[in-house]
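Everything on this sheet refers to the single structure shown next.
All figures in this text were calculated on a predicted structure; none of them were measured in a lab.
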Amino acid sequence: MVQIILTILIFIALVIPMGRYLYKIADSKKTFADPVFDKVDNVIYKVCGIDRCDMSWKRYFASLLLTNAVMIFTGYIFLRLQGLLFFNPNNINGMEPSLSFNTIISFMTNTNLQHYVGESGLSYLSQMIVITMMMFTSSATGYAACMAMARGFSGKEMGNYFSDMVRVTTRALIPLAMIVGLLLISQGTPQTLAPNTTVATIEGKNQDIPLGPVASLESIKHIGTNGGGFFGANSSAPYENPNVFTNMLEMLSMMILPGACVIAFGLMFYYRKRERNEISAGKKPLFGGEGRTIFIAMSIIFLVGLFTLYFAEKAGNPVLGNLGINQSAGSYEGKEVRFGIAQSAMFSAVTTSFTTGSVNNMHDTLTPLGGMVTLLNMMLNTVFGGIGTGLMNMLLYVLLAVFICGLMIGRTPEYLGRKIESKEIKLAVLCIILHPLLVLGFSSIAVAANAGLAGITNPGFHGLSQVLYEFASSSANNGSGFEGLNDNTLFWNITTGLAMFFGRYLTIALQLAVAGSLLSKNTVNETVGTLKTATIPFGVITAVVVLIFGALTFFPAISLGPVAEHLILWG
């Protein structure tokens, strides 16, 4: 418990200044690093011919989609031809077409779902040019879309996609990744282009030790909430995650930017109101009222899930207890002893709440309730989320909560000084139901089609949990795996690839459309009848709306998976 509480306290201490810094990046305010980064940014703008004029939401999304499409095409070519290219000391062949399709969509959508084993499936060139590069660009894409939506909600022009991409990459992602990368190297994480090393074990046999540019990938993997591991064992591999210090470092790296985006949104609206002279200047706020409300709603859901998962794993396995095996230490199946129950539970909760997908234990071996928490985090898809995406999803639920509360008190729903009307609600609801449609729709196909059934290795309730997890992870752009599936097949590569693609780009298009619609409206004056949204009670209401929607949508599927498995296990 001390380890969990300490991690949360460090997160809170770091996320507030990082949120202020992200706000300044998004709003083009002066920062301490401007003398250096302004020169770097200007060179990029000049070389790329970037026009930094404001864009409409349609042009913003079109720029985002076309830029991502070019990178998808380029990365696909690299994966197919990696066997013929340089930086391939281990002589790894090119990927086959369906796996290349799945991999490139996965990393460009910030999902990082892996149907391959990193150390044997990718050359060093692919790990650097395709995987690591897309970890930067996909993270920057999510951040850019989020800040555009935040500007639209706060009543400011939506900005320029290319400028947002450049500024967050040079001023946040690269510096933070360098710091985390150096810390990982100091703890023993490899960073080399040398080939795998063969050593003699104490048993007198030979063993290959995989190496490569690991630290550079691991740093942006967590800072950018990406999640794809350099090795197949991901962050349970000692070269990716050597000790307890690096475990906490990786968790904090996953948490810092998603949390900071929420604070940046709150500050953006606060200072926008000051610019319009709607509030008087005062002390520098830590959050901004609207950001605080959303942060509280997200924190409630996160903490409920975290402690449910922790106590579920701490309870152990009753079947093993009945066999006389002591379960007082908890359920250690699939966990690294060097991390224990606490840091394994915390890591699992963080990686699925902040939609990173990195794992330091085997989620397939979590207790049924523990596995249910990780599954629900991705199904809700609002608990901080990846860089920007969690905030964007939560803003839609905020609109829904405002609309419901407005109906209950007989007032016209308003949020941030603009009326919420049928167009915004229709777009918001369409975006909200898209995620469960992808998860449940593709899961239904998988359990009905022979090609899908062939990949399920566990019969009964646990097999259904594996299928639900795979598509929830894909649609939520999380990327972690329940594992146990034989997923490197044409069926699974194509279906999860489509879930990742639509879950990313259709969602962003609808979210930007909502922001564009609100931006086009005139502001309305606040009255005594206006619903106060910058309050703790409204944060609780928003969290309840999210949980109720999740329960109504996913409860039948959850009941047939982890809940049924839990009831049978505990008899």
Side-chain angles (χ1 to χ4, degrees), residues 3-4 7 112-122 127 131 135 180-181 183-185 187-191 196 207-212 214-215 217-223 225-255 306 309-310 312-314 317 329-367 370-371 373-375 377-378 466 469-470 473 478-485 487:
Q3 296 174 41
I4 292 175
T7 304
N112 309 93
L113 185 75
Q114 292 177 284
H115 287 177
Y116 64 90
V117 178
E119 60 265 42
S120 61
L122 292 177
Q127 293 276 27
I131 304 304
M135 286 182 172
V180 173
L183 290 173
L184 289 174
I185 291 171
Q187 299 301 303
T189 301
Q191 181 67 20
N196 295 347
Q207 179 179 345
D208 284 338
I209 304 297
L211 300 173
V214 183
L217 185 147
E218 287 300 303
S219 58
I220 187 59
K221 157 186 167 180
H222 293 102
I223 287 294
T225 62
N226 292 284
F230 192 97
F231 304 119
N234 212 285
S235 283
S236 64
Y239 277 177
E240 287 198 20
N241 191 5
N243 50 48
V244 172
F245 169 75
T246 60
N247 197 63
M248 293 184 67
L249 174 66
E250 291 181 2
M251 285 191 289
L252 291 169
S253 298
M254 289 188 267
M255 301 166 76
L306 168 62
L309 197 158
Y310 171 74
E313 298 307 304
K314 194 67 177 174
N317 187 326
S331 176
Y332 262 83
E333 182 187 3
K335 297 179 178 64
E336 284 289 319
V337 176
R338 67 184 191 274
F339 300 139
I341 297 296
Q343 293 221 7
S344 296
M346 180 73 177
F347 205 102
S348 297
V350 168
T351 194
T352 50
S353 296
F354 293 78
T355 61
T356 304
S358 177
V359 296
N360 76 344
N361 64 90
M362 182 65 73
H363 286 192
D364 191 41
T365 61
L366 292 172
T367 60
V373 170
T374 61
L375 189 55
N377 283 339
M378 296 183 296
Q466 290 176 331
Y469 195 105
E470 186 78 359
S473 178
N478 178 272
S480 64
F482 217 51
E483 304 310 335
L485 286 174
D487 48 23

Any donor-acceptor N/O pair, [X] side chain to [Y] backbone, under 3.5 Å:
X	Y	value
Q127	L122	no
N226	I220	yes
N317	S331	no
E313	I341	no
N478	M378	no
N234	G227	yes
S480	S358	no

* Asked: Any side-chain heavy-atom pair from F230 and I131 closer than 4.5 angstrom?
  -> no
* Asked: Hey, does L309 have a side-chain heavy atom less than 4.5 Å from the side chain of T374?
  -> yes
What closest approach, in Å, do [X] and [Y] show between heavy atoms, and which atom pair accounts for it?
X	Y	answer
S235	K221	OG-NZ, 3.1 Å
S473	L113	OG-CD1, 4.2 Å
A342	Q3	CB-OE1, 4.2 Å
N361	S348	ND2-OG, 3.0 Å
S253	V180	OG-CG2, 3.7 Å
P210	E119	CB-CB, 3.9 Å

Can you measure from [atom1] ([X]) to [atom2] ([Y]) and round to the nearest 0.5 angstrom?
X	Y	atom1	atom2	result
M135	T225	CE	OG1	10.0 Å
F347	T352	CZ	OG1	10.5 Å
D364	E333	CG	CD	8.5 Å
Q207	N196	CD	CG	11.0 Å
L252	H222	CG	NE2	11.0 Å
E470	D487	CD	CG	5.0 Å

* Please report the C-alpha distance between K335 and L366 in whole Å, then the side-chain angles of each, then the deciding distance to 0.1 Å, and finally whether the side-chain contact (heavy atoms from CB on, under 4.5 Å) criterion is met. => CA-CA 9 Å; K335 297 179 178 64; L366 292 172; 4.1 Å; yes
* To do: Could you tell me whether F339 atom CZ has more than 12 heavy atoms of other residues or ligands within 6.0 Å of it?
  => yes
* For M362, does the CE atom sit with more than 12 other heavy atoms under 6.0 Å from it, leaving out its own atoms? -> no
* With a 3.5 Å cut-off and no angle check, do the side chains of E218 and T189 form a donor-acceptor pair? -> no
* **Flag for E336-N360: side-chain donor and acceptor within less than 3.5 Å** => no
* Do the rings of F231 and Y239 sit parallel, tilted or perpendicular, given the 30° and 60° boundaries? -> tilted
* Show your reasoning for whether side-chain contact (heavy atoms from CB on, under 4.5 Å) applies to L184 and E250. => CA-CA 9 Å; L184 289 174; E250 291 181 2; 3.9 Å; yes
